[in-house]
Amino acid sequence: MKKRVIETISKEIDRDFVLEKPKDPTLGHYATPLAFSLAKELKKSPMIIAQELCEKFNDCEIFDSVEAVKGFINFKLSDTFLDEIVTEALKNESEFAKGNYEGSILLEYVSANPTGPLHIGHARGAVFGDALYRFAKHLGYDIESEYYINDAGNQIYLLGLSIYLAGREHILGYAVDMPEEYYRGEYIVELARDAAKVFGSEVFEDEKHIEKLSNWGKDEMMKLIQQNLKDANIEFDHFVSEKSLYERWDEVLEKLKAGNAIYEKDGKLWLKSSEYGDEKDRVVVREDGRATYLAGDIIYHDDKFSRAFDYYINIWGADHHGYIARVKAAIHYLGYYESKLEVILSQMVSLLKGGEPYKMSKRAGNFILMSEVVDEIGSDALRFVFLSKKSDTHLEFDVDIFKEQDSSNPIFYIQYAHARVNQLFQKAQKEPKDVIDTPLGELNEDSKNLLFSALLLPEVLDDAFHSRGLQKMPEYLKSLASLYHQFYNKYKIVGSENEDKLLKISAMVAMSIRVGLGLMGIEAKERM
RNA sequence: GUCCUCGUAGCUCAGCUGGAUAGAGCACUGGAUUCCUAAUCCAGAGGUCACAGGUUCGAAUCCUGUCGGGGACACCA
């Protein structure tokens, strides 16, 4: 719809202009402040310029009126134009709001260490990433999602050790001193019990079994994490193991050396990251020859860029903030364009419980599990809450409120609007296809506003994705649902003389809600 | 200490690539049901957009500074 409007205006006005929506909808559907920016150049008042420009649109079919108000040029769409757009949209639901953007994107998100189940903080990045993926797909991008498994390094050994110690304590009954930095929590004890079934309890008798427990535990955790994700309606195209990438370390290190990125000091190898935006240089190989964590990420990004996507997006936890510069520097040294990598930070989720701060710790074991929340309120509500806020600001919510399922949860409000339309069709014993070709004729102000709003989904989607402000989608759906509830209360639909027309408008509203929710990974309900 | 980020209604937050009278939900007050589901709707009240300067036709939005909250500053991952 917006595209058609822009095309039409461009035919008459040969310069760039901003097309926005007036704050007061009675002024028009679209507006441009173009006259203000022309005022200086033409040495005329914005009022007069706007007037003159308006006259160019006298014979335009898609506009009812084009008026100059206080220097703004306001466009009102015509009924026939809206009808045309609606009819076309209703005939092709699967194509509605689809974009024709081109380009390939590799999206990496979650990538939580396989040392425990996902917690509520991970859930935010997971939900955001999945929705971003769905948005991009719908807009036409060739996007693939990937999970980077940190299965090399000390934390995996620590996982095995933690299981081992938990087994000694809970199964063999020894007194065990569990150091602070070890993993703890119920799931470790459960893992120990499962391990006893798989390997026999003698596995906890000798430290030589720790490595076995590490590998087994890591695999169990990945299974659990994938289940956690699936329960929230999230799936990945690829999983990449850090460990498997290390085979290429020598090769990548040579590449860095060839790019003059590495020097030796104090017996260690350093990356000259400070030359490209980082605060200081970083160690990549320690004195004892072991590579650092950064090395893994360098190999991984070399691997990613060798796959030649047009663009890369990583969603990281906010605690990785300082990490961006060094990875980008490495990418630069590897001979790729680091500007192709965009890092989106997913900020902390602060939990309250009964008004009291709830301090989260990944390792202490007193964190709130993602699965716990999904079980209690369902993945739809979880997804909705996380997508309703910008990803880069702190989000705070009270677990107790979150558990409630009443009208304070906006998803019910939106679902209800969708279900209402379905009920109307049932009452009328009709289906959307029966009313698609009904001409809408002349629309009253309320119908027109509602219809216009329902047709905004494509531009909301486009804006939400490209601005990375996914909260615009739930925001939009809330306002559309609100308009529909108002409409429903004001007009009798089934049995009225305009039944088919009103049903057609309703069908359009329902379709936008359904497609919009679908993009958020939420299924629209037929009944409440 | 350095860097990042945030500060908008009682609460949780939108709005920020400068545009018309600063919004929503919750909570609060009052009202609507012989009629398609009242899980809804209508009305009301609620604001120094942290503060001070600057940029210009125009600033919640951009710039500078101050204050306040949070975060990051590893050879852990």
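Side chains included, hydrogens not; waters and symmetry mates left out as well; all remaining heavy atoms used. Proteins get letters first, then strands, A, B, ... in listed order; numbering begins at 1 in each.
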Contact list (N/O, under 3.5 angstrom) for nucleotides 2-4 of chain B vs protein:
from: B/C4; atom 1: O2'; to: A/His321; atom 2: NE2; distance (Å): 3.3

Given a 3.5 Å cut-off on both pairing distances, which stems involving RNA chain B, each at least three consecutive Watson-Crick or G-U pairs, are present, if any?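 Consecutive-pair runs (3 or more) involving RNA chain B: B:1-7 with B:67-73, B:10-13 with B:23-26, B:28-32 with B:40-44, B:50-54 with B:62-66.
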A/Ser388: what forms a side-chain hydrogen bond (donor to acceptor under 3.5 Å, both in side chains) with it, not counting sequence neighbours? none
Any residue meeting side-chain hydrogen bond (donor to acceptor under 3.5 Å, both in side chains) with A/Tyr109, in chain and number order, not counting sequence neighbours: none
Counting heavy atoms from C-beta on, name the nucleotide in B/C41, B/C13, B/C36 closest to the side chain of A/Tyr413.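 Nucleotide nearest to A/Tyr413's side chain: B/C41.
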Is there a donor N/O on one and an acceptor N/O on the other, under 3.5 Å, for the side chain of A/Asn74 and the base of B/A20?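 Such a pair is found, so the answer is yes.
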Test side chain to side chain contact (heavy atoms under 4.5 Å, CB included) applied to [X] - qualifying residues, sequence neighbours left out:
X        : answer
A/Gln51  : A/Ala68
A/Ala291 : A/Tyr246, A/Trp249, A/Ala295
A/Asp434 : A/Lys430, A/Glu431

Salt bridge (charged side-chain N to carboxylate O under 4.0 Å, His left out) involving A/Glu67 - partner list, sequence neighbours excluded: none
Contacts of A/Glu475 that satisfy salt bridge (charged side-chain N to carboxylate O under 4.0 Å, His left out) - sequence neighbours left out: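 Applying salt bridge (charged side-chain N to carboxylate O under 4.0 Å, His left out) to A/Glu475 gives none.
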Under 4.0 Å from any atom of RNA chain B, heavy atoms only: list the residues of residues 469-481 of chain A that qualify, in numerical order.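 The answer is A/Gln471, A/Glu475.
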Scan for salt bridge (Lys or Arg N to Asp or Glu O under 4.0 Å) pairs involving residues 478-495 of chain A, sequence neighbours excluded, and state none if there are none.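 Only A/Asp446-A/Lys490 qualify under salt bridge (Lys or Arg N to Asp or Glu O under 4.0 Å).
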Honestly, is A/Arg420 close enough over A/Tyr488, meaning NZ or CZ under 6.0 Å from the six-membered ring centre and within 45° of the axis?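 Positive - A/Arg420 is close enough to the ring of A/Tyr488 and near enough to its axis.
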Scan for ring-ring contact (aromatic ring centres under 6.0 Å, His included) pairs involving residues 416-436 of chain A, sequence neighbours excluded, and state none if there are none.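 Passing the test, one end in residues 416-436 of chain A: A/Tyr416-A/His485.
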With a non-hydrogen cut-off below 4.0 angstrom, is A/Asp266 in contact with a base, only sugar-phosphate, or nothing?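 It contacts nothing in the nucleic acid.
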Remember a base hit wins even if backbone is also touched, and classify A/Arg420 as base, sugar-phosphate or nothing at under 4.0 Å, heavy atoms.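 Sugar-phosphate: the residue A/Arg420, judged by heavy atoms under 4.0 Å, touches backbone atoms but no base.
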